[in-house]
Amino acid sequence: MRLIFLATMAAFMVGQAAAKDVLSGASLYADVGRYASFGLHRFGSPGDRATADWIAGELSAAGFAIKFQPVVLGRQYVVERATAEAAGTAVEATPFWWPPEDKASFHLSAPLARDGDVAGKILWVDLPFDRGAYLGPAHRAAIAEAAAKKPAAILLMIGNPADDRFAYNVTQEDAPWPVPVMVVGAKSRATFERALASGAPVTFDVAGHYERDVSGRNVIAEIGHGPTIVVSTPMTGWYSCVCERGPGIANFLALARTVAAEKWPAHFVFIATAGHEIGHGGMELFLKDGAPAPRETLAWIHFGSSNACYAFAEGARTDRPEEERYLVLSQSAVALTDEAFTAVAAKRLVTEKQAVGELRDVHAAGYANFLGMAGRHRTFHTPEDDLGATGPELLEPVARAFVDAVRKIVERGDAAFR
């Protein structure tokens, strides 16, 4: 038995050299670029479908057994065109999820107002920057209070470092707003201040539609035998979400290629989930149907948002990683994380009661040993999130740290969490 184990570990170590190139910054950045090439990554979109096909193809080529898990969500809103125009200047706008059913498409011109009698007018509302990603009670209350004044529509600016159109993650259970709520970037504030001062009308032009029982797919890939380790990452988001999702997906693929090339002696389940931005539908489904039971799972590794994005200072990109980046981990993973992530600047969020992002669902489902990374960056949840937000030198240390941590889990087994 000992000879078999030594032979297995020898093969495990010999294969390491073959996999090292997939952890280079250039290789990781190429994967982020491929993800970016698919454009909009909203659930049910062509970009969502292309991403799932690509990830499945990459994992299959690495030697994994692949299956698609259908994810059907009750509704999705599809934007074809949305603008806000004032005094001859038109800017891109985004309907705030979920729009009224009878205003999926609409055209409206009305005066802009901030206070007073706003009935029949367009009411301008600002939501402050709160560093959150999810629509919460305070946001709902602010919109409900504004809608109760009977405006024809609401012009909404949501604070964020990019001054762009920001989107909050929502759920399938959230009710549609009683009036249209249109999000514009604060960078266009002067246009609407002039309209407010002059009394010029603001015009919304929106073409969109609701779809029901919208189909997407999780990608599930398995390889190997031994203790079970689950590795997850979301695929979808509001816009192109290049640095929000791209680094995590690149890390996910790099770890998968390393596992397969080095023939690590463990049973790996890689799961790329769909529907993150409108209710975590893919992760919710996987946890109910398909995930290994918590008692059978040695560890859960999660690649969340904004793993490797540049920080900005005074509006200019720096060569440093974003400070708002967190290692989210179980208490049992503290020592392992301190050992493996010495080269990665990230705040530790040791959670015993609640995790963040999709790790909330994993933690709530009873998985004892987990480790992930999540954060936000300057263009998070906005249309400006592009390839310029990350780079090879940021991606490589994160990928290598995760590979090191998971290698130690494979080598040490339960002892990695003591």
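Taking the six-membered ring for Trp and the full ring otherwise, the centers of H139 and Y168 sit less than 6.0 Å from each other. Two rings, from F341 and F402, have their centers less than 6.0 Å apart.
In terms of modelled atom types and a separation under 3.5 Å, the side chain of S188 and the main chain of G185 share a donor-acceptor contact. A donor-acceptor pair is defined here as one N or O able to donate and one able to accept, closer than 3.5 Å; such a pair exists between the side chain of E85 and the backbone of G88. Judged by distance alone, the side chain of S24 and the main-chain N or O of S27 form a donor-acceptor pair under 3.5 Å. Using modelled atom types, one side-chain atom of Q69 and one backbone atom of D289 make a donor-acceptor pair closer than 3.5 Å. Judged by distance alone, with hydrogens and angles left aside, the side-chain atoms of R217 form a donor-acceptor pair with the main-chain N or O of R49 at under 3.5 Å. Put simply, the side chain of T297 never gets that close to the backbone of A299: no donor and acceptor are under 3.5 Å apart. Between the S60 side chain and the G57 main chain, no donor and acceptor come within less than 3.5 Å of each other. Although no hydrogens or angles enter the test, the distance criterion places a donor-acceptor pair under 3.5 Å between the side chain of T390 and the main chain of A308.
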Criterion side-chain contact (heavy atoms from CB on, under 4.5 Å) on M157 and L127, from CA distance to verdict: CA-CA 6 Å; M157 291 184 184; L127 289 181; over 6 Å; no

Verdict with supporting geometry, L349 and L327, side-chain contact (heavy atoms from CB on, under 4.5 Å): CA-CA 6 Å; L349 182 58; L327 279 164; over 6 Å; no

Test salt bridge (charged side-chain N to carboxylate O under 4.0 Å, His left out) applied to R257 and E58, step by step: CA-CA 9 Å; R257 292 167 183 144; E58 292 297 316; 2.7 Å; yes

Step-by-step side-chain contact (heavy atoms from CB on, under 4.5 Å) determination, L155 to V125: CA-CA 6 Å; L155 176 81; V125 174; over 6 Å; no

Residues Y35, H41; criterion ring-ring contact (aromatic ring centres under 6.0 Å, His included); working and verdict: CA-CA 9 Å; Y35 178 74; H41 286 95; 3.7 Å; yes

Test log, rule side-chain contact (heavy atoms from CB on, under 4.5 Å), inputs I271 and V231: CA-CA 6 Å; I271 168 72; V231 183; over 6 Å; no

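Distance check, rounded to the nearest 0.5 Å: CG of L371 to CZ of F417 gives 7.5 Å. Atom OG in S306 sits 8.0 Å away from atom CD in E322 (nearest 0.5 Å). Here the straight-line distance linking atom CD of E244 with atom OH of Y239 works out to 11.5 Å at 0.5 Å rounding. Between atom CD of residue E284 and atom OG1 of residue T171 there is a gap of 10.0 Å, rounded to the nearest 0.5 Å. A distance of 15.0 Å separates CG of L359 from OH of Y326, quoted to the nearest 0.5 Å. In this structure, E393 CD and D319 CG are separated by 7.5 Å, a value rounded to the nearest 0.5 Å.
One finds a salt bridge joining R212 and E101 here, because a Lys/Arg side-chain nitrogen approaches an Asp/Glu carboxylate oxygen to under 4.0 Å. Note on E384 versus R165: no salt bridge recorded, every NZ/NE/NH1/NH2 to OD/OE distance being 4.0 Å or above. Salt bridge annotation for R42-D48: absent, with no cationic side-chain nitrogen under 4.0 angstrom from a carboxylate oxygen. Under a 4.0 Å N-O distance rule, the pair D117/K150 does not qualify as a salt bridge. Using a 4.0 Å cut-off between a side-chain N of Lys or Arg and a carboxylate O of Asp or Glu, D126 and R114 qualify as a salt bridge. The pair R75-D213 does not count as a salt bridge, with every side-chain nitrogen at least 4.0 angstrom from each carboxylate oxygen. A salt bridge links D404 with K408: the closest approach of a Lys/Arg side-chain nitrogen to an acidic carboxylate oxygen falls below 4.0 angstrom. In summary, K347 and E324 do not engage in a salt bridge, as defined by a charged side-chain N under 4.0 Å from a carboxylate O. One finds no salt bridge joining R378 and D385 here, because no Lys/Arg side-chain nitrogen approaches an Asp/Glu carboxylate oxygen to under 4.0 Å. Salt-bridge annotation for R412 and E339: present, with a side-chain N of the basic residue lying under 4.0 Å from a carboxylate O of the acidic one.
For the pair R317 and F312, the cation does not sit on the ring face, since its NZ or CZ is not both under 6.0 Å from the ring centre and inside 45° of the axis. Stacking of R360 on the aromatic ring of Y134 is recorded, both the 6.0 Å distance cut-off and the 45° axial limit being met.
Between P234 and R245 there is a side-chain heavy-atom pair separated by less than 4.5 Å. Residues I301 and V406 have side chains in contact (heavy-atom distance under 4.5 Å, counting atoms from C-beta outward). For the pair N307 and R325, the minimum side-chain heavy-atom distance is 4.5 Å or more. M283 has its side chain within reach of S232: a pair of non-hydrogen atoms, C-beta onward, lies under 4.5 Å apart. When side chains are defined from C-beta on, I122 counts as touching L108, because their heavy atoms get closer than 4.5 Å. Side chains of R131 and R376 form a contact here, defined as non-hydrogen atoms less than 4.5 Å apart. Between W98 and W177, the closest side-chain pair of non-hydrogen atoms is not below 4.5 Å. Side-chain contact between Q76 and I278 is present, with at least one heavy-atom pair separated by less than 4.5 Å.
Here the shortest heavy-atom pairing between A401 and A340 reads CB-O, 3.6 Å. For A346 against M373, the heavy-atom pair with the smallest separation is CB-CE, 4.1 Å. Here the closest non-hydrogen pair linking I55 and F252 is CG2-CE2, 4.1 Å. Here the closest non-hydrogen pair linking L336 and A416 is CB-O, 3.9 Å. Of all heavy-atom pairs spanning A104 and V206, the tightest one is O-CG1, 3.7 Å. The shortest non-hydrogen separation linking A399 to N251 is CB-ND2, 3.6 Å.
Counted within 6.0 Å of CD on E296, heavy atoms from surrounding residues, nucleotides or ligands total more than 12; the atom is thus considered enclosed.
Side-chain atoms of N218 and T273 include no donor-acceptor pair closer than 3.5 Å. In this model, a donor atom of one side chain and an acceptor atom of the other lie less than 3.5 Å apart for H280 and D361. Side-chain N/O atoms of H302 and T233 include no donor and acceptor closer than 3.5 Å. With no hydrogens or angles considered, a side-chain donor-acceptor pair links E277 and T236 at under 3.5 Å. Inspection of the N169 and W238 side chains reveals an N or O donor paired with an N or O acceptor under 3.5 Å.
Among pairs with a residue in residues 63-90, those fulfilling ring-ring contact (aromatic ring centres under 6.0 Å, His included) read F64-F270, Y77-W97, Y77-Y210, at least two apart in sequence or across chains. Sorted by first and then second residue, the ring-ring contact (aromatic ring centres under 6.0 Å, His included) pairs with a member in residues 349-369 read W300-Y367, H363-F370; sequence neighbours excluded.
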